Structure formats: C-alpha cells, structure tokens
Amino acid sequence: MYPTALTQLARANPFSAPLFTLQKVDEPETHTPVQKRRLAAAAVAEGDSCEFGSQKYFILCGFGGILSCGTTHTAVVPLDLVKCRMQVQSGDSCEFGSTKYYALCGFGGILSCGITHTAVVPLDLVKCRLQVDPAKYKSIFNGFSITIKEDGVRGLAKGWAPTFIGYSMQGLCKFGFYEVFKILYGDLLGEENAYLWRTSLYLAASASAEFFADIALAPMEACKVRIQTQPGYANTLRECAPKMYAEEGLWAFYKGVVPLWMRQIPYTMMKFACFERTVELLYKYVVPKPRSECSKPEQLVVTFVAGYIAGVFCAIVSHPADSVVSVLNKEKGSTAAQVLKRLGPMGVWKGLVARIIMIGTLTALQWFIYDSVKVYFRLPRPPPPEMPESLKKKLGLTE
C-alpha cells in the first residue's frame with residue numbers, strides 16, 4: 001500500500017507515471033459526509049401560514065402582485081391620462097414622431113411636389129429653353145409664342161410625365177426625411193440647444209433630406225430636360241428613357257446628380273429654414289393674435305404667405321446651378337465645369353424672372369398643400385418654437 005499523500009498526488013497527475021504503476025487501494029474515509037441543505041425549511045417557522053416554497057406560498061405571492069400592481073396603476077390613471085394627452089394631443093390622429101406621422105408627411109410631400117411641379121410644366125419648359133438657347137428664346141412671352149407656333153398648345157405640356165414621377169419621389173424623400181432629421185437632430189442637441197440653434201437645425205435637416213431626394217429625382221429630371229430642350233429627340237417618357245439608356249447607359253440618368261445637389265440642396269435649405277423662421281416672425285409681428293387662437297384656414301393663409309417669401313429667396317440662391325443642370329442634360333459629354341465656364345457670370349442668370357415667378361408660386365403652393373394634408377389627416381402641428389423655461393431661468397428672464 002502506498003502512502004495516502006502519494007496516492008492522491010498520482011491520481012491528480014494527468015500523465016502516467018513512467019517508473020511505477022499505481023494499484024487501487026482501499027483507504028479509510030477521514031471525513032464525515034455533509035448533508036445538502038434544501039432551500040426550503042423542513043418545518044414551518046413559528047407564525048408562518050405555510051412552508052416557504054410551497055404551492056400555497058406561490059399562489060399567495062401571485063395574489064399580492066395582483067393587488068400591488070392593479071391598485072397602484074389604477075390610482076395614477078389621471079396622471080397617465082395627462083401624459084398620454086401630452087403625447088397625442090386632443091384631435092390628433094397619431095403621436096408626433098411616430099411611424100404613421102412620418103408616412104403621412106411623406107404622402108403630403110408626394111402631393112405637394114408632384115402636383116405643383118406638374119402644374120407649372122409650361123413655364124418650366126419655357127424657362128429651360130431660355131437657359132439653353134437664349135439666342136432663339138429671348139424672353140418669357142417670346143418663348144411661349146415660339147413654342148406654341150412650333151409645337152402647338154400641346155407642346156407646352158412636354159415632359160409632364162417625368163416631372164410628375166420625379167418630383168413625387170423627390171417630395172416623398174424631401175418632406176418625409178426632413179421631419180425625421182429635424183426630430184433626430186433636435187433630440188441630439190437637447191431642448192435648449194435645439195431652440196438656440198434652430199436655424200442651423202433647419203438647415204442641417206433639410207440638407208440631409210435633399211441629398212437623398214435628389215438621388216430619387218435625377219433620372220426623371222434628366223428625361224424631362226432632354227424632352228423639353230431637344231426638339232425631335234423624344235416626345236414622351238416611354239420614348240426618351242430607353243433611348244437615353246441605349247445611347248449612354250445608366251450614367252445618362254445620373255450624370256446630372258452633382259449639379260442637381262448644387263441646385264437643390266441650397267434651394268431646399270433656404271426653402272425650409274426661411275419658411276420656418278418666416279412663420280415664426282409672422283405670428284410674432286404680423287398676425288394680430290396667437291397661433292392657438294387662429295382658425296385652420298387662417299393658419300393655412302400664413303403658411304402660403306411664408307411659403308411664397310421663402311420661394312423668392314430659393315429661386316435666387318439656386319438659379320445658377322439650375323442653368324448648369326439644364327444645359328448639362330441637353331448636351332452629351334459635357335461636364336458641369338465646362339458648362340459653367342461657357343455660360344459665364346451673366347449667362348447663369350438667364351431666365352431668373354421666370355424662375356422667381358415659378359418657384360415663388362411653386363413653393364407657396366407646396367407648403368399650402370403639405371400643411372393642408374397635415375390638417376386633413378389630423379397630424380400634430382407644433383406651434384413655432386418658444387424659449388424653454390429652463391433657458392429662461394438661466395438667462396434670468398424669469399424668477
């Protein structure tokens with residue numbers, strides 16, 4: 001028999017011993033067995049009605065949970081009701097910032113941009129022809145006259161299909177994503193900073209939204225300009241799109257996306273930021289009563305006026321890039337830099353008056369339709385931002 005310590009050491013060794021072989025030996029037990037303790041006590045403690053962990057114990061614990069949650073939540077029903085009404089105000093069909101809210105805002109964007117851009121196709125057609133062929137089309141009225149003589153009255157509607165499809169998709173992304181980014185960036189900034197930097201917030205949210213909106217718009221914009229500015233190339237979208245793809249491939253539809261960003265992103269930044277701040281100033285200095293006391297039709301009138309003012313600034317800011325886009329989509333193989341150099345500092349401003357009339361009316365109608373959709377579907381329409389109480393206290397404006 002080997003010593004007990006040596007036996008234990010050999011059994012613990014994971015390798016076989018090379019010089020000897022261990023044999024099994026019976027060793028006396030030197031320890032007493034330890035009884036495992038159960039969680040539940042074997043007997044009911046004095047004063048308890050049942051054993052811990054018994055069936056009766058679990059049933060009564062569940063009954064206690066019913067009383068604790070049911071009683072407390074019922075007691076705070078008034079407070080919960082106020083909280084819910086703060087989230088979804090009386091009369092609103094959904095919560096501000098919900099999926100339904102974003103979806104209906106996108107639908108409002110489809111209607112506002114698709115309908116309005118299609119309605120001004122004749123003016124847009126003449127404006128594009130003024131930009132790409134100023135020698136032939138010398139003014140707005142001259143452009144209309146020549147177009148009607150050459151193509152008839154129906155010629156003024158050329159490009160309506162790509163206009164409707166393209167700008168509907170653009171409106172979906174522009175207005176839908178603007179609401180998303182405005183709430184997202186506002187939450188990141190916090191309540192106080194979102195108020196202090198609200199103009200920057202509008203600019204950042206609208207620029208982010210327009211980046212994606214132009215990707216959706218670019219193919220139809222290329223088709224529209226090709227139909228309107230190249231007589232004889234194609235008369236319909238069904239003719240134009242396959243022909244462009246056969247001649248230049250997929251790039252034909254996206255070669256104008258960079259100048260489109262140059263045109264549309266500044267335009268949209270001005271459109272949203274100017275509109276938001278104009279609405280705020282109109283209710284503060286022009287409208288004789290608070291917005292909460294104005295009827296829905298009165299609020300929509302303010303929306304239209306603010307939209308028109310914003311549209312005038314939008315047209316001026318974005319017109320040079322618009323001229324480049326029009327010429328670029330007409331010509332094959334040209335780049336934005338080449339077109340800009342050829343047009344010169346004066347050539348990029350051709351057709352500005354027509355664009356101001358078109359964009360001013362367009363922007364005003366877009367905001368009017370968009371806000372009308374919100375009213376019709378009873379979407380939340382927060383009033384112009386006001387300084388938070390916490391910021392007023394920091395600035396010493398309140399005690």
Side-chain angles (χ1 to χ4, degrees), residues 88-94 96-97 101-102 104-117 119-120 171 174-183 186 194-206 209-210 267-318 355-388:
V88 183
Q89 296 183 5
S90 178
D92 290 343
S93 63
C94 62
F96 181 71
Y101 175 80
Y102 293 135
L104 289 174
C105 284
F107 177 69
I110 291 174
L111 293 182
S112 65
C113 291
I115 293 172
T116 53
H117 277 276
V120 295
K174 178 188 292 189
F175 284 92
F177 283 146
Y178 173 72
E179 298 288 350
V180 172
F181 285 117
K182 185 170 72 169
I183 294 174
Y195 175 79
L196 291 173
W197 302 339
R198 59 192 183 280
T199 302
S200 300
L201 173 64
Y202 303 146
L203 292 171
S206 57
E210 189 60 35
Y267 163 82
T268 302
M269 291 171 71
M270 182 65 71
K271 174 180 180 176
F272 282 88
C274 186
F275 172 79
E276 298 272 16
R277 294 309 301 265
T278 302
V279 167
E280 187 178 336
L281 293 173
L282 286 175
Y283 279 113
K284 188 174 182 180
Y285 296 109
V286 178
V287 181
K289 54 186 176 181
R291 180 180 181 270
S292 57
E293 297 178 10
C294 295
S295 63
K296 292 294 191 299
E298 289 172 338
Q299 292 177 14
L300 291 175
V301 170
V302 174
T303 297
F304 183 85
V305 173
Y308 207 101
I309 294 171
V312 172
F313 289 100
C314 290
I316 296 170
V317 167
S318 62
R355 184 168 168 79
I356 287 177
I357 296 170
M358 184 184 78
I359 295 300
T361 307
L362 197 87
T363 306
L365 288 173
Q366 282 179 1
W367 278 113
F368 183 83
I369 293 171
Y370 180 66
D371 214 22
S372 298
V373 169
K374 282 188 170 184
V375 170
Y376 179 79
F377 287 106
R378 296 183 291 108
L379 297 185
R381 297 167 63 246
E386 296 181 357
M387 184 179 293

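Treat the numbers as computed from the prediction; the structure is a model and nothing was measured.
Nearest heavy-atom pair across Pro380 and Cys94 is CG-O, 3.3 Å. Closest approach of Tyr267 to Ile359, counting heavy atoms only: CE1-CG2, 3.5 Å. Heavy atoms only, all atoms of each residue included: Tyr101 and Gly97 are closest at CD2-N, 3.5 Å. Closest approach of Cys113 to Gly171, counting heavy atoms only: SG-CA, 3.5 Å. The minimum heavy-atom distance linking Tyr195 with Pro385 is given by the pair CE1-O, 3.9 Å. When every heavy atom of Cys105 is checked against every heavy atom of Glu179, the shortest pair comes out as SG-CG, 3.8 Å.
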- For Lys174 and Lys271, run side-chain contact (heavy atoms from CB on, under 4.5 Å): C-alpha distance rounded to whole Å, both residues' side-chain angles, the deciding distance at 0.1 Å, then the answer. CA-CA 11 Å; Lys174 178 188 292 189; Lys271 174 180 180 176; 3.5 Å; yes
- Message: Leu365 vs Tyr308, test: side-chain contact (heavy atoms from CB on, under 4.5 Å). Steps then yes/no.
- Response: CA-CA 8 Å; Leu365 288 173; Tyr308 207 101; over 6 Å; no
- Task: Please test Phe275 against Thr303 for side-chain contact (heavy atoms from CB on, under 4.5 Å), starting from the C-alpha separation and ending with a verdict.
- Result: CA-CA 8 Å; Phe275 172 79; Thr303 297; 3.9 Å; yes
- Task: Any chance you could lay out the salt bridge (Lys or Arg N to Asp or Glu O under 4.0 Å) test for Glu280 and Arg198, step after step, and finish with the verdict?
- Result: CA-CA 11 Å; Glu280 187 178 336; Arg198 59 192 183 280; 2.8 Å; yes
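One distance of note links OH of Tyr370 with CZ of Phe175; it measures 6.5 Å at 0.5 Å rounding. In this structure, SG in Cys314 is found 12.0 Å from CD1 in Ile309, a value given to the nearest 0.5 Å. Once rounded to the nearest 0.5 Å, the distance linking CD1 of Ile115 with CD of Gln366 reads 10.5 Å. In this structure, Lys182 NZ and Ser206 OG are separated by 10.5 Å, a value rounded to the nearest 0.5 Å. Note that CZ of Arg355 is 9.0 Å distant from CG of Leu362, once rounded to the nearest 0.5 Å. Annotation: the span from Ser318 atom OG to Phe313 atom CZ amounts to 13.0 Å, rounded to 0.5 Å.
Remark: Phe107 CZ is loosely packed, at most 12 non-hydrogen atoms of other residues, nucleotides or ligands lying under 6.0 Å away.
Val301 has its side chain out of reach of Phe368: every pair of non-hydrogen atoms, C-beta onward, lies at least 4.5 Å apart. For the pair Gln299 and Val302, the minimum side-chain heavy-atom distance is 4.5 Å or more. Annotation: side chain of Tyr102 is in contact with side chain of Ile183 (closest heavy-atom distance under 4.5 Å). Looking at Val373 and Leu111, their side chains come closer than 4.5 Å, going by heavy atoms from C-beta outward.
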Per-pair distances, 0.1 Å, donor-acceptor, side chain in residues 282-294, under 3.5 Å, sequence neighbours excluded:
from, atom 1, to, atom 2, distance (Å)
Lys289, NZ, Glu298, OE1, 3.3
Arg291, NH1, Arg381, O, 3.3
Arg291, NH2, Arg381, O, 3.3

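Ser93 places a side-chain N or O within 3.5 Å of a backbone atom of Phe377 that can act as its donor or acceptor partner. No donor-acceptor pair closer than 3.5 Å links the side chain of Thr363 to the backbone N or O of Gly360.
Aromatic ring pairs are classed by plane angle as parallel below 30°, tilted from 30° to 60° and perpendicular above 60°; the pair Tyr178 and Phe272 is tilted.
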